[in-house]
Amino acid sequence: MTHLLDIQGVDAHYGRIQALNGVSLHIDEGETVALIGANGAGKTTLLMAVCGLPAPSAGNVTFCGADITGRPPHEIARMGIAHAPEGRRIFPRMTVLENLQMGAVAGGGDNLPETLERMFGMFPLLAERRNQRGGTLSGGEQQMLAIARALMSGPRLLLLDEPSLGLAPMIVRQIFEAIERLNREEGVTVFLVEQNAYHALRLAHRGYVMVNGRIDMTGAGEELLADDRVRAAYLEGGHAVVENAR
């Protein structure tokens, strides 16, 4: 079976520091897959390695059956992978509309009016603020803009890095409801990196747990939510280390 995204034995380094160590996982078309773990576990590095920066120092990344290991980020984006990075990183001096137009560039800018209307239908608040500068939006609105900007390229796979970071609980629920709709109604495949393990695993079809640059657990979202080790480490304020649990 060919997976939409297949990561096999990937290492990644920042200079002499090894951030990923033999990471293997896969994502199938139509899934939402969550990757959880503590700060510094390597979650963001894995998303960045999929996008080509840093390029894996070992292993392979395959997308739609094509080896994308080491390809430049703009080529990977054109193939159908979009990334909404940690910290949102919108263009603060540009308007909402201009931010969305920039997102369309990665996909070639085809069908721009129709794509804009889809985003405004999906995120009505952005439609109301289309002429407002991105930097003046609330944190939740900026996160919606970051997701919509990524979707403007028409991706087959959406990479989301910590979409709930720094947001109030009510806004977090709204963001996760939007992600669920994207997957269920729009058919977008989602790879979600999150420290909020409860929301991420409730949403996900499957999940992976990363510890110190390695995948240490995998299973259905509900199975991981019910696992005592995951609950102790990520859901109950405990500090248990999940290891040797493959």
Side-chain angles (χ1 to χ4, degrees), residues 2-7 26-35 46-53 61-69 71-91 94-131 134 137 141-163 174-193 203-205:
T2 301
H3 303 296
L4 181 65
L5 181 72
D6 198 2
I7 299 170
H26 71 271
I27 299 171
D28 292 324
E29 189 96 46
E31 284 191 305
T32 294
V33 174
L35 178 65
L46 182 60
L47 290 193
M48 296 295 290
V50 170
C51 294
L53 194 65
V61 180
T62 303
F63 180 65
C64 296
D67 190 346
I68 62 172
T69 314
R71 292 198 188 189
H74 70 274
E75 286 188 13
I76 293 172
R78 283 289 176 97
M79 292 178 71
I81 297 178
H83 183 203
E86 180 181 0
R88 301 182 275 276
R89 301 186 195 175
I90 62 165
F91 301 107
M94 290 185 177
T95 66
V96 166
L97 179 59
E98 289 167 341
N99 268 273
L100 294 175
Q101 290 170 332
M102 289 295 291
V105 172
D110 297 333
N111 303 313
L112 181 58
E114 294 87 345
T115 307
L116 279 171
E117 286 311 306
R118 276 184 57 235
M119 292 305 106
F120 288 144
M122 202 176 300
F123 300 101
L125 277 172
L126 298 183
E128 296 173 14
R129 290 160 174 71
R130 69 179 68 196
N131 296 316
L137 301 176
E141 291 164 351
Q142 288 186 16
Q143 186 61 69
M144 292 176 189
L145 178 56
I147 294 172
R149 184 182 62 184
L151 290 170
M152 286 294 296
S153 64
R156 291 185 67 179
L157 175 64
L158 176 63
L159 310 180
L160 292 177
D161 195 353
E162 303 285 5
Q174 292 176 4
I175 293 295
F176 276 92
E177 286 170 1
I179 296 168
E180 184 178 18
R181 288 197 307 273
L182 281 174
N183 177 252
R184 185 183 65 247
E185 298 174 10
E186 299 287 326
V188 178
T189 304
V190 178
F191 188 21
L192 170 66
V193 159
L203 180 69
H205 299 97

Student: What residues form a side chain to side chain contact (heavy atoms under 4.5 Å, CB included) with Arg156, not counting sequence neighbours?
Tutor: Leu4, Glu29, Phe63, Cys64

Student: How long is the straight-line distance from CD1 of Ile27 back to CD1 of Ile7, given to the nearest 0.5 Å?
Tutor: 6.5 Å

Student: Report the distance from atom CG of Leu47 to atom CG of Leu53, rounding to the nearest 0.5 Å.
Tutor: 13.0 Å

Student: Can you name the closest pair of heavy atoms from Asn183 and Val188 and give their distance?
Tutor: ND2-O, 3.0 Å

Student: Using salt bridge (Lys or Arg N to Asp or Glu O under 4.0 Å) as the criterion, list what pairs up with Glu180, not counting sequence neighbours.
Tutor: Arg184

Student: Decide yes or no for Leu100 and Phe123: does some side-chain heavy atom of the first lie under 4.5 Å from some side-chain heavy atom of the second?
Tutor: no

Student: Between Phe91 and Asn99, what is the shortest heavy-atom contact and its length?
Tutor: N-OD1, 2.8 Å

Student: Looking at Pro163 and Ile175, what are the two nearest heavy atoms and their distance?
Tutor: CB-CG2, 4.0 Å

Student: Of all residues at least two apart in sequence or in a different chain, which pass the ring pair (Phe, Tyr, Trp, His ring centres under 6.0 Å) check with Phe176?
Tutor: His199

Student: Roughly how far, to the nearest 0.5 Å, is the CG atom of Asp6 from the CD1 atom of Ile68?
Tutor: 10.5 Å

Student: Let me confirm one number: the CG-CE distance from Leu97 to Met102, rounded to the nearest 0.5 Å.
Tutor: 12.5 Å

Student: By side chain to side chain contact (heavy atoms under 4.5 Å, CB included), which residues pair with His74, not counting sequence neighbours?
Tutor: Pro72

Student: Write down the atom of Ile147, the atom of Leu160, and the distance for their closest heavy-atom approach.
Tutor: CG1-CD2, 3.9 Å

Student: Using the test salt bridge (Lys or Arg N to Asp or Glu O under 4.0 Å), find all partners of Arg89 that sit at least two apart in sequence or belong to another chain.
Tutor: none

Student: Keeping to residues at least two apart or across chains, list the salt bridge (Lys or Arg N to Asp or Glu O under 4.0 Å) pairs with something in residues 121-130.
Tutor: Arg129-Glu141

Student: Taking C-beta and beyond as the side chain, do Met122 and Leu182 meet within less than 4.5 Å on heavy atoms?
Tutor: yes

Student: Could you measure the distance from the CD atom of Gln143 to the CD1 atom of Ile179? Nearest 0.5 Å is fine.
Tutor: 7.5 Å

Student: At their closest point, which heavy atom of Ala66 faces which heavy atom of Met79, and how far apart are they?
Tutor: CB-CE, 3.9 Å

Student: Please name all residues satisfying side chain to side chain contact (heavy atoms under 4.5 Å, CB included) with Ala49, sequence neighbours left out, ordered by chain then number.
Tutor: Leu20, Pro56

Student: Measure the spacing between CD1 of Ile81 and CD1 of Ile76 and express it to the nearest 0.5 Å.
Tutor: 6.5 Å

Student: Specify the closest pair of heavy atoms between Ala82 and Ser153, including all atoms of both residues, with the distance to one decimal.
Tutor: CB-OG, 3.8 Å

Student: Who are the side chain to side chain contact (heavy atoms under 4.5 Å, CB included) partners of Met48, not counting sequence neighbours?
Tutor: Thr44, Pro54, His83

Student: Check salt bridge (Lys or Arg N to Asp or Glu O under 4.0 Å) between Glu177 and all other residues, then give those that pass, not counting sequence neighbours.
Tutor: none

Student: Got a sec, which residues hit side chain to side chain donor-acceptor pair (under 3.5 Å) with Thr62, two or more places apart in sequence or on another chain?
Tutor: none

Student: Determine whether Arg88 and Leu145 make a side-chain contact, defined as any pair of heavy atoms from C-beta on separated by less than 4.5 Å.
Tutor: no

Student: Name all residues meeting the side chain to side chain donor-acceptor pair (under 3.5 Å) criterion together with Glu31; count only those two or more places apart in sequence or in a different chain, and write none if there are none.
Tutor: Arg206

Student: Under 4.5 Å between any side-chain heavy atoms of Val193 and Glu162, yes or no?
Tutor: yes

Student: Quick one: does any side-chain atom of Thr69 pair with a main-chain N or O of Val61 as donor and acceptor, under 3.5 Å?
Tutor: yes

Student: Using the side chain to side chain donor-acceptor pair (under 3.5 Å) criterion, which residues pair with Arg181? Sequence neighbours excluded.
Tutor: none

